[in-house]
Number of protein chains: 2
Amino acid sequence: MRTHELVLRQVEADLAAGKLRLGDRLPGERALAGQLGVSRPSVREAIRVLEAMGVVRTAVGSGPEAGAVIVADPGSPLTATLRLHLATSHLPMGDIVQTRVLLESWAVREAAGRAEPDQLAAAGRLLDAMDDPELPRERFHLLDAEFHVALAALAGNVLVSTIMASLREAIHGYVMAAAPNLPDWGSAAAGLRAQHRSVLAAVTGGDGDAAARLVAEHIEGFYRASRLA
Amino acid sequence: MRTHELVLRQVEADLAAGKLRLGDRLPGERALAGQLGVSRPSVREAIRVLEAMGVVRTAVGSGPEAGAVIVADPGSPLTATLRLHLATSHLPMGDIVQTRVLLESWAVREAAGRAEPDQLAAAGRLLDAMDDPELPRERFHLLDAEFHVALAALAGNVLVSTIMASLREAIHGYVMAAAPNLPDWGSAAAGLRAQHRSVLAAVTGGDGDAAARLVAEHIEGFYRASRLA
DNA sequence: TCGATCCTGTGGTCAGACCACACAGTATCA
DNA sequence: TGATACTGTGTGGTCTGACCACAGGATCGA
């Protein structure tokens with residue numbers, strides 16, 4: 001057992017026992033090192049790992065915001081991990097697209113007819129923003145991604161929406177890289193806008209099957225057209 | 001930008017550019033520190049993060065196995081991250097079960113009639129092992145979890161099977177915690193065995209819809225019976 | 001030829017020091 | 001009296017230099 005793993009185990013035990021709760025602050029690095037009888041570098045390595053897992057957030061200075069604060073952010077570590085593994089080319093893009101289709105079609109089917117009105121309205125506002133013909137292309141894709149995350153969140157499953165958010169960020173760069181593969185961006189964008197509207201309409205109207213089918217066609221169609229899949 | 005993040009960025013760039021590939025070794029900590037003009041502790045913190053993400057594996061000593069070797073293991077970091085966040089009680093168990101149902105029913109539907117025979121045989125061997133009436137209960141549940149991971153892997157989607165494998169540990173934890181809630185373990189185990197067999201038979205027989213329905217009923221039934229939902 | 005031995009390079013750990021930063025209390029001045 | 005400037009203090013961030021345990025390869029001896 002390496003020393004920093006001992007620190008990790010201790011922190012995890014405190015979390016599980018309720019001694020450390022969301023918003024609490026870890027003891028200072030020097031204090032923690034003293035309590036556990038290890039050196040400060042070992043404590044720091046453990047904190048780096050916790051940070052990479054989205055369990056703590058660190059900040060310098062003093063005051064209540066400084067130090068290592070317990071947070072609950074499972075999203076960013078998943079995103080970073082996926083990005084790194086995409087960089088090693090050991091996560092096929094096709095699998096990611098397939099997983100997106102699976103998660104999003106399930107989410108809209110679940111959400112159909114029972115999604116919160118304010119969530120639906122928020123998704124609609126994203127589509128309104130994407131109607132701007134002057135919108136830069138990158139901004140369009142960012143809003144697009146945000147809309148899909150919003151769709152996945154409609155079902156109210158934290159794990160599913162977290163996974164979806166992680167996939168979105170990991171993929172965005174590759175979507176932009178494939179931009180030149182779409183021959184006629186103007187008509188492609190118009191098609192995407194129409195598909196988004198029809199998906200949202202199906203969810204609002206309570207037709208889960210139609211929403212699931214439409215969102216699957218929309219995602220697969222885009223990846224085919226941009227030659228990513 | 002903190003110093004260790006600079007190291008991380010550099011390693012990620014090398015991965016994306018193909019300068020670092022699976023099985024390669026990172027330069028030694030001292031060498032890397034010298035190349036990037038940073039100190040050894042900063043390099044070590046970066047390596048800890050990469051290790052936590054399943055991108056490298058470190059070992060002491062000399063020889064080809066020593067040092068920081070590039071690996072592709074997205075599973076263990078996801079597992080660890082989920083475990084930590086479950087410890088903070090910010091991932092509802094119900095969401096995890098729902099996600100299981102989603103992933104596994106999709107996987108068996110996809111796999112029905114076209115799964116690799118050796119994968120099906122491996123899953124069958126897990127069920128054979130679970131037939132032993134002398135099997136300790138914990139061991140039964142471990143094999144159970146293993147079987148479900150094998151089911152999810154049948155579809156051949158790396159991302160889905162990785163997510164499912166990460167959920168395994170979390171699943172095992174809640175199953176064991178709920179163990180006392182099952183009044184009659186003997187008959188319950190018999191029921192689980194029968195359900196497993198019928199799922200696998202449906203997959204082998206190519207009936208995807210039945211397999212999906214059976215696996216969903218199996219998971220949700222156990223969850224209900226053990227009073228976790 | 002084969003065995004034991006030493007050398008070398010690796011990560012693992014530590015102690016101590018200094019810096020930049022942010023807040024809080026105090027001192028200062030208009 | 002009020003606002004402003006200053007200093008103190010505790011935080012994480014970084015670095016240097018050192019020593020240890022370990023594993024493999026090179027060397028040397030029988």
Show the atom names and distances, to 0.1 Å, of all donor-acceptor pairs under 3.5 Å that link a side chain in residues 132-143 of chain A to residues at least two apart or in another chain.
{"unit_1": "A/Asp132", "atom_1": "OD1", "unit_2": "A/Glu134", "atom_2": "N", "d": "2.8"}
{"unit_1": "A/Arg137", "atom_1": "NH2", "unit_2": "A/Ala179", "atom_2": "O", "d": "3.2"}
{"unit_1": "A/Glu138", "atom_1": "OE2", "unit_2": "A/His172", "atom_2": "NE2", "d": "3.1"}

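Side-chain atoms of B/Asp95 come within 3.5 Å of backbone atoms of A/Val158 as a donor-acceptor pair (strictly under, hydrogens ignored). In this structure, the side chain of B/Asn181 engages the main chain of B/Ser226 through a donor-acceptor pair within 3.5 Å. In this structure, A/Arg44 contributes its side chain and A/Glu29 its backbone to no donor-acceptor pair below 3.5 Å.
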Using a 4.0 Å heavy-atom cut-off, write out nucleotides 5-13 of chain C from 5' to 3' as B (base contacted by protein), S (sugar-phosphate only) or - (no contact).
-> ----BBBBB
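Using cut-offs of 30° and 60° for the angle between ring planes, the A/His196 and A/His218 rings count as perpendicular.
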